[in-house]
Protein chains: 2
Amino acid sequence: MKKASELFKLLSVDKRIEIIELLKKKEMCVNGIAGALGVTQSAISQHLRILKSAGLVNDRKDGYYVYYSLDKDALEACRQRLNRICACGCLEGGGKTAKSRCG
Amino acid sequence: MKKASELFKLLSVDKRIEIIELLKKKEMCVNGIAGALGVTQSAISQHLRILKSAGLVNDRKDGYYVYYSLDKDALEACRQRLNRICACGCLEGGGKTAKSRCG
DNA sequence: CCCTCATTTAAGTAAATACGTATATACTTC
DNA sequence: GAAGTATATACGTATTTACTTAAATGAGGG
């Protein structure tokens, strides 16, 4: 499993966050993303490769185009992962107030 | 407010994650952290400055020592922030299954 | 089979940065 | 005030990396 810091690093780039936000709405091809974000399709392609290697996006070929989409399960796993890092263990308290020894 | 990518970048360094994990347990002084993580106090001091400038840690001076502690509210705010980025909007579903239009 | 389009890859560059060394600052005790 | 402690900062170095340009790969249509 990837280290948490690597996950964070993945997401530490503006354009990648923007790509994810775009893909939340609908699948898109590389040029579409590049146009929307105002960088070269090469740059986007490289970001997508990184996101894909982390399993966060999937691609689907259709004619000329490669459509990228979010892997929502992976994103959810990522969310839970980062959640644990940023959970101090005293504020998020599930149902029980038992463990509220904070500050 | 900081950009999400900046928050992620903050956390994209191993040692900083480890510092946070340490501080979850108890407040610590710089040298203590340095010893625990096996890097120079200079490096730790620099990490702490960054974490502090993001509001994630607080410091308290006591004699020679500067004790650093987690700002749990800030960490919680950070958690919620990152949560929103990584929420695809279809899997985390609160109580209602109404919005489960995914995949 | 060539041409065109979308995408990927290669190569190069400029910028960011994590860390160490050396030094400065701040505080306490003698 | 001198000595010893903890911490912060200045600065250099090595590494990473986001991006661009240019060339390569792959698919479809004439």
Side-chain angles (χ1 to χ4, degrees), chain A residues 2-23 26-71 78 85, chain B residues 2-23 26-71 78 85:
Chain A
K2 247 182 209 313
K3 273 201 279 193
S5 59
E6 296 176 67
L7 268 182
F8 280 120
K9 181 168 284 179
L10 265 186
L11 300 168
S12 72
V13 181
D14 253 6
K15 295 295 178 199
R16 291 212 271 267
I17 300 276
E18 293 173 32
I19 288 173
I20 288 175
E21 292 297 338
L22 281 177
L23 294 183
K26 63 175 190 297
E27 66 172 10
M28 293 180 76
C29 63
V30 181
N31 258 334
I33 298 173
L37 299 186
V39 286
T40 62
Q41 44 82 258
S42 172
I44 297 298
S45 177
Q46 291 171 68
H47 286 311
L48 287 169
R49 178 180 35 172
I50 288 170
L51 291 172
K52 189 183 170 194
S53 82
L56 286 177
V57 303
N58 296 313
D59 56 347
R60 172 178 73 82
K61 200 128 192 212
D62 183 16
Y64 291 157
Y65 302 88
V66 179
Y67 288 99
Y68 281 86
S69 56
L70 268 188
D71 186 315
C78 172
I85 303 287
Chain B
K2 246 181 210 314
K3 273 200 278 194
S5 60
E6 297 177 66
L7 268 182
F8 281 118
K9 180 167 286 179
L10 265 186
L11 299 168
S12 72
V13 181
D14 253 6
K15 294 297 178 196
R16 292 211 271 267
I17 300 274
E18 294 174 30
I19 288 172
I20 288 174
E21 292 297 339
L22 280 179
L23 294 183
K26 62 175 191 296
E27 68 174 9
M28 292 180 77
C29 62
V30 181
N31 260 334
I33 299 172
L37 300 187
V39 287
T40 61
Q41 51 82 245
S42 171
I44 297 298
S45 179
Q46 291 172 68
H47 286 310
L48 286 169
R49 180 179 37 170
I50 288 171
L51 290 172
K52 188 184 170 191
S53 82
L56 286 177
V57 302
N58 296 313
D59 57 347
R60 172 179 74 81
K61 200 131 191 207
D62 182 17
Y64 290 159
Y65 301 89
V66 178
Y67 287 99
Y68 281 87
S69 56
L70 268 188
D71 186 315
C78 173
I85 303 288

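Residue numbering restarts at 1 for every chain, and letters A, B, ... go by the order of the sequence lines. Reckoned from all heavy atoms, side chains included, excluding hydrogens, waters and symmetry mates.
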Send over the distance from B/Asp59 CG to D/dA6 P, rounded to a whole Å.
17 Å
Looking at A/Thr40, I'd like to know whether one of its side-chain N or O atoms comes within less than 4.0 Å of OP1 or OP2 on D/dC19.
no
How close do A/Val13 and A/His47 get, counting heavy atoms only, and between which atoms?
CG1-CE1, 3.9 Å
Are any protein N/O atoms closer than 3.5 Å to N/O atoms in nucleotides 14-18 of chain C? If there are, list each pair with its distance.
from: C/dA18; atom 1: OP2; to: B/Arg16; atom 2: NH1; distance (Å): 3.2
from: C/dA18; atom 1: OP2; to: B/Arg16; atom 2: NH2; distance (Å): 3.2

Length of the CD-C1' vector between A/Glu27 and C/dA6, whole Å
15 Å
Would you check if B/Ile33 and B/Leu48 make a side-chain contact, meaning some heavy-atom pair closer than 4.5 Å?
yes
Once you apply a heavy-atom cut-off of 4.0 Å, does A/Ala43 come out as touching a base, just sugar-phosphate, or nothing?
base
Donor-acceptor under 3.5 Å (B/Gln46 side chain, B/Ser42 main chain)
yes
When rounded to the nearest 0.5 Å, the distance separating CG of A/Leu11 from CD1 of A/Ile20 is 5.0 Å
Between A/Arg16 (side chain) and A/Leu10 (backbone), is there a donor-acceptor pair under 3.5 Å?
yes
Rounding to an integer number of Å, can you tell me how far A/Ile44 CD1 sits from C/dT9 P?
15 Å
Should B/Asn31 be listed as having a side-chain N or O under 4.0 Å from OP1 or OP2 of D/dT7?
yes
For the side chain of B/Lys61, counting heavy atoms from C-beta on, which of C/dA26, C/dT7, C/dT9 is nearest?
C/dA26
Give me the atom names and distance for the closest heavy-atom approach of A/Glu27 to A/Ser69.
CB-CB, 3.9 Å
Checking C/dT21, D/dA6, D/dT20 against the side chain of B/Ser42 (C-beta onward), the nearest is C/dT21
A/Gln41 CD to D/dA24 C1': how many Å, rounded?
13 Å
How many Å lie between CG on B/Leu51 and P on D/dA8, as a whole number?
12 Å
Atom CD1 of B/Ile19 to atom P of C/dC19: distance rounded to whole Å?
9 Å
Close N/O contacts between protein and nucleotides 1-3 of chain D (under 3.5 Å):
none

Within the structure provided, determine whether A/Ile19 and A/Tyr68 are in side-chain contact (heavy-atom separation under 4.5 Å).
no
Does the side chain of B/Leu37 come within less than 4.5 Å of B/Leu22's, by heavy atoms?
yes
Select from A/Gly38 and A/Gly63 the residue whose nearest nucleotide in DNA chain D is closer to the 5' end of that strand.
A/Gly38
Have a look at B/Tyr68 and say if it touches a base, only the backbone sugar-phosphate, or nothing, with a 4.0 Å heavy-atom cut-off.
sugar-phosphate
Take the protein atom CD1 of B/Ile33 and the nucleotide atom C1' of D/dT7, then report the distance between them rounded to whole Å.
12 Å
For atom OH of A/Tyr65 and atom C1' of C/dC5, their distance in whole Å:
8 Å
